[in-house]
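Before any comments, here is the structure.
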Amino acid sequence: MEERHRAELMLEARGLSADLTEHCRGTAHQAEALAERWGASPDAAAAAGLLHDLCRELPRQEVLDLARKHGLEIDPIEEEYAVQLLHARLAAAEAAAAGFSAPVVEAIARHTLGGPGMSVLDACVFVADATEPGRSWKGVDDARPHAHQSLDAAELSHAQRDEARRRARGRAPHPLMLALLEERRGAR
């Protein structure tokens, strides 16, 4: 059975809110289109898009408890913003436990903070999460076609916007996001 189909079944079984389910499906559609454009596996991209926010609606304490149960090391920033940040690695751990491929698991884990050495699949899901059809932030209509012109530039733009948003809210940027920014800026 293809990973996308298995992911769809796992998403449906989780019983997420209608809005989050729609977002996951939109992310899957956008990630699949980007994967087709940039040479990654469309099936893997769709599966990662469907599962990326599988743990996004869990209460904070449950996210922390499940992360520890899966043996995830939790850094201080993730501890403070468990639902916002740790949900990605927790969803990845659940996907791994369900037998999804390593590339799908890695793309899910990196969809929130990114990190250095991201694969094309990782970048497709990272960018798709920000640009799926349900997103309405200022500039998203320009960002969508931009992602089909330069995935690296779209990845950098999304990371810069996310870093600026975190700083504006008084939050320290995560070291993984900073490493991604440093790597992407160096590639230019």
Side-chain angles (χ1 to χ4, degrees), residues 3-4 7 23-24 26-56 67 70 72-75 77-78 81 84-96 98 100-132 135 137 139-140 142-167 171-188:
E3 286 191 300
R4 178 192 183 116
H23 165 68
C24 290
T27 300
H29 177 75
Q30 178 73 341
E32 184 176 34
L34 290 173
E36 287 173 357
R37 168 66 177 93
W38 298 110
S41 165
D43 182 59
L50 287 166
L51 299 177
H52 80 286
D53 275 352
L54 198 62
C55 299
R56 188 71 169 92
H70 281 287
L72 301 179
E73 291 185 28
I74 304 168
D75 68 43
I77 298 174
E78 289 174 320
Y81 300 103
Q84 298 90 337
L85 300 180
L86 194 54
H87 79 276
R89 291 196 306 126
L90 180 55
E94 291 199 4
F100 284 87
S101 67
V104 169
V105 170
E106 188 71 12
I108 294 168
R110 292 176 152 220
H111 87 266
T112 300
L113 295 170
M118 293 206 352
S119 70
V120 172
L121 178 62
D122 297 342
C124 288
V125 177
F126 181 73
V127 171
D129 183 34
T131 61
E132 61 94 0
R135 295 292 198 193
W137 49 270
V140 72
D142 295 328
R144 285 184 188 113
H146 186 64
H148 289 272
Q149 296 164 357
S150 172
L151 186 60
D152 287 344
E155 181 183 28
L156 175 60
S157 176
H158 170 47
Q160 288 173 323
R161 186 180 52 78
D162 196 56
E163 178 198 27
R165 188 172 47 108
R166 288 181 196 279
R167 287 187 190 276
R171 297 179 182 171
H174 194 278
L176 286 173
M177 180 68 73
L178 294 175
L180 169 63
L181 285 166
E182 183 177 324
E183 179 182 84
R184 286 286 129 229
R185 288 175 180 144
R188 290 186 124 194

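Keep in mind the model is a prediction, meaning the values are calculated, not measured.
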Q | Sequence-distant partners of H23, ring pair (Phe, Tyr, Trp, His ring centres under 6.0 Å), two or more places apart | A | H52

**Q.** Atom NE2 of H146 with >12 non-hydrogen neighbours under 6.0 angstrom
**A.** yes

Q. Do you know which two heavy atoms are closest between E183 and G117, and how far apart they sit?
A. OE2-N, 2.9 Å

Q) What pair of heavy atoms forms the shortest contact from A128 to A31, and how long is it? A) CB-N, 3.4 Å

Q) Ion pair present between E163 and R184, side-chain N to carboxylate O less than 4.0 angstrom? A) no

Q.
On the six-membered ring of W137, is R161 placed so that its NZ or CZ lies under 6.0 angstrom from the centre and within 45° of the ring axis?
A. yes

Q) Can you list the residues that meet the side chain to side chain contact (heavy atoms under 4.5 Å, CB included) rule with E94, with sequence neighbours excluded? A) M10, R14, L54, C55, L66, H70, L90

Q. Applying the side chain to side chain contact (heavy atoms under 4.5 Å, CB included) test to T112, which of R89, M177, H87 qualifies?
A. H87

Q.
Rounded at 0.5 Å granularity, tell me how far CZ in R4 sits from CG in L51.
A. 11.0 Å

Q) Is there a side-chain contact between H158 and D129 (heavy atoms, below 4.5 Å)? A) no

**Q.** Gap between atom CG of L121 and atom CZ of R110 - 0.5 Å precision
**A.** 11.0 Å

Q: Check L180 against G114 and note the closest heavy-atom contact, atom names and distance.
A: CD2-CA, 4.0 Å

Q: Enter the distance from R37:CZ to Q149:CD here, rounded to the nearest 0.5 Å.
A: 8.5 Å

Q: Decide yes or no for V104 and S41: does some side-chain heavy atom of the first lie under 4.5 Å from some side-chain heavy atom of the second?
A: no

Q. What distance do L151 atom CG and F126 atom CZ have between them, rounded to the nearest 0.5 Å?
A. 10.5 Å

Q.
How close do V140 and A130 get, counting heavy atoms only, and between which atoms?
A. CG2-O, 3.8 Å

Q.
If I take atom CZ from residue R166 and atom CD from residue Q84, how far apart are they, to the nearest 0.5 angstrom?
A. 8.0 Å

Q. Are H174 and E78 close enough, and set up right, to give a side chain to side chain contact (heavy atoms under 4.5 Å, CB included), and what steps lead you there?
A. CA-CA 9 Å; H174 194 278; E78 289 174 320; 4.2 Å; yes

Q.
Do S119 and E106 pair up side chain to side chain, a donor and an acceptor below 3.5 Å, judged on atom types alone?
A. no

**Q.** H148 side chain to P145 backbone, donor-acceptor under 3.5 Å
**A.** no

Q: Working to the nearest 0.5 Å, report the span between CD of E36 and CG of L34.
A: 9.5 Å

Q: Of all the heavy-atom pairs spanning L86 and A67, show the shortest one and how long it is.
A: CD2-CB, 3.7 Å

Q) Side chain of R144, backbone of E132: donor and acceptor closer than 3.5 Å? A) yes

**Q.** Closest non-hydrogen atom pair between A46 and A28, with its separation
**A.** O-CB, 3.4 Å

